Amino acid sequence: MTDNSKDTIKMWGGRFTEPTDEFVARFTASVSFDRRLYPFDIEGSIAHARMLQKVGELTQAEASAIIEGLASIRSVIEKGAFDWEIELEDVHMNIEAALTRRIGEVGKKLHTGRSRNDQVATDIRLFVRHEIDRIAELIGGIQAALLDLAEQEAETVMPGFTHLQIAQPVSFGHHLLAWFEMLDRDYQRLIDCRKRVNFSPLGAAALAGTTFPIDRHYTSELLGFSAPTANSLDSVSDRDFAIELASAASIIMTHLSRFSEELVLWTSAQFDFIHLPDRFCTGSSIMPQKKNPDVPELVRGKTGRVIGHLMSLLTLMKSQPLAYNRDNQEDKEPLFDLLDTVRDCLSAYLAVIPAIECNRKNMRIAAMKGHATATDLADYLVKQGVTFRDAHEIVGKAVASAIKQRKGLPELSLEEMKGFYSGIGGEVFEILNLEGSLNARDHHGGTAPTQVRQAIRKARYNLAHR
Ligand code: ARG
């Protein structure tokens with residue numbers, strides 16, 4: 001049974017002859033989740049009231065009463081003392097009803113020249129913009145932490161992998177800078193997305209604009225948008241800006257998931273490349289010896305959840321005719337959850353990166369295991385005048401012989417080496433050692449520690465100047 005006395009508080013009840021079904025009221029309400037938009041809803045309403053005064057639709061006294069009323073509602077909400085009512089459907093009508101209760105009849109003038117359709121579109125754009133700034137800051141923090149660790153480990157040799165097989169030695173600092181680059185593109189993507197988010201839909205009203213002499217440029221400016229949106233139908237209906245952010249967030253999560261996979265591998269007994277402090281790990285209820293890398297594992301797992309939300313948003317939009325449809329109310333839960341998740345995961349990384357302790361000895365031992373300097377030997381032969389394909393063949397035979405003898409390539413004697421190619425001299429051993437291999441890759445983007453340090457300097461500069 002619907003409570004009739006409560007039903008009279010409805011804002012659109014005029015043309016209805018019976019109260020809303022109780023199920024329908026619950027099914028259509030969004031206040032349980034969209035209430036978190038309240039700071040943006042109030043900010044948008046204040047800008048709208050200022051504009052109404054500027055164009056003469058509200059007197060100064062009326063506008064002031066509305067603005068003060070909204071500000072006091074904001075502090076009631078902040079204190080947790082606001083009574084959210086499901087009968088009032090959403091955050092917009094809850095706040096507007098509270099305003100009228102608080103300041104009387106004049107509160108009913110606030111909705112002049114706008115609709116909940118442009119109101120909610122404005123709220124979400126303000127919210128998304130705010131979230132982009134928070135996420136971008138977290139990414140910047142992780143990038144700075146990566147540079148510190150990369151600097152510390154610029155000379156640390158680890159095996160570089162392809163196909164998860166030992167490929168060539170690399171600097172651990174260089175590996176960390178690869179993560180840095182991935183996050184840098186993530187940051188740039190957010191900033192680029194922000195440009196398209198930052199337009200004001202306010203004034204598009206329900207779909208066609210309004211008959212009042214509104215000033216959309218003024219509200220846009222008050223809200224810090226770069227300009228009003230160009231088309232009223234588009235303004236109230238599309239959520240591509242949220243999809244774009246969800247897509248950027250999914251790429252961020254994909255990167256974090258890849259980092260996580262490496263952390264999981266590196267902390268395993270088989271690799272034992274790094275150590276994560278106990279505070280980031282948990283134990284097993286049955287196996288007393290276990291220390292599990294749960295934080296990176298959960299980040300990896302939550303990636304699926306964020307990508308799922310991106311799919312929800314795309315699917316939500318795909319069949320909607322212009323202009324606003326109630327479907328769009330379904331944008332909020334996936335959007336909120338994916339942003340909360342990305343922020344949590346980035347916060348986890350912000351704490352984890354500086355806490356990584358590197359097991360340099362084991363990285364080095366692993367780098368010596370897989371004949372990782374075989375390419376260096378081939379390059380050496382090419383510099384002696386052998387063609388690369390022939391050099392590849394010669395070194396392949398040398399590796400086969402080393403494997404047979406259970407030796408590393410640098411452990412073969414000069415005699416044996418000469419057996420594969422007579423021109424090989426004693427200097428070959430400098431080429432075959434790990435440092436020699438790293439130092440030889442001394443060009444822009446290469447793994448030589450001097451290049452790694454230069455890349456760190458450049459990255460630090462860019463980070464400080466963006
Ligand atoms: N709660 C709605 C939403 O999130 C607000 C807009 C409702 N507009 C309407 N005409 N029913 O989209």
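Note that ligands are numbered from 1 as they come in the structure, with each ligand's atoms numbered from 1 the same way. As a basis for the values below, the full set of heavy atoms in this structure was taken, side chains included, without hydrogen atoms, waters or symmetry mates. All residue numbers refer to positions in the sequence shown, counting from 1. In this text, all values refer to a predicted model and were calculated from it rather than measured experimentally.
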Which donor-acceptor pairs under 3.5 Å do side chains of residues 339-354 form with protein atoms, sequence neighbours excluded?
from	atom 1	to	atom 2	distance (Å)
D340	OD1	R36	NH2	3.0
D340	OD1	R343	NH2	2.7
D340	OD2	R36	NH1	2.9
T341	OG1	D337	O	2.6
R343	NE	E131	OE1	2.9
R343	NH2	E131	OE1	3.3
S347	OG	R343	O	2.8
Y349	OH	S260	N	3.0
Y349	OH	S260	OG	2.8

Can we say R101 and E85 salt-bridge, meaning some charged N sits less than 4.0 Å from an Asp/Glu carboxylate O? yes
Measuring centre to centre across the rings, with the benzene-like ring taken for any Trp, is W266 within less than 6.0 Å of F259? no
Return the set of residues passing salt bridge (Lys or Arg N to Asp or Glu O under 4.0 Å) with D83 (not counting sequence neighbours), or none when no residue passes. none
So that I know where these two stand, are F82 and Y38 an aromatic pair - ring centroids less than 6.0 Å apart? no
Provide, line by line, the atom pairs where ligand 1 and the protein bring an N/O atom each to a distance under 3.5 Å; else say none.
from	atom 1	to	atom 2	distance (Å)
ligand 1	1 (N)	S30	OG	3.4
ligand 1	1 (N)	D90	OD2	3.2
ligand 1	1 (N)	Q329	OE1	2.8
ligand 1	4 (O)	K332	NZ	2.5
ligand 1	8 (N)	N117	OD1	2.9
ligand 1	10 (N)	N117	OD1	3.2
ligand 1	12 (O)	Y324	OH	2.4

Partners meeting side chain to side chain donor-acceptor pair (under 3.5 Å) with Q53 (sequence neighbours left out): none
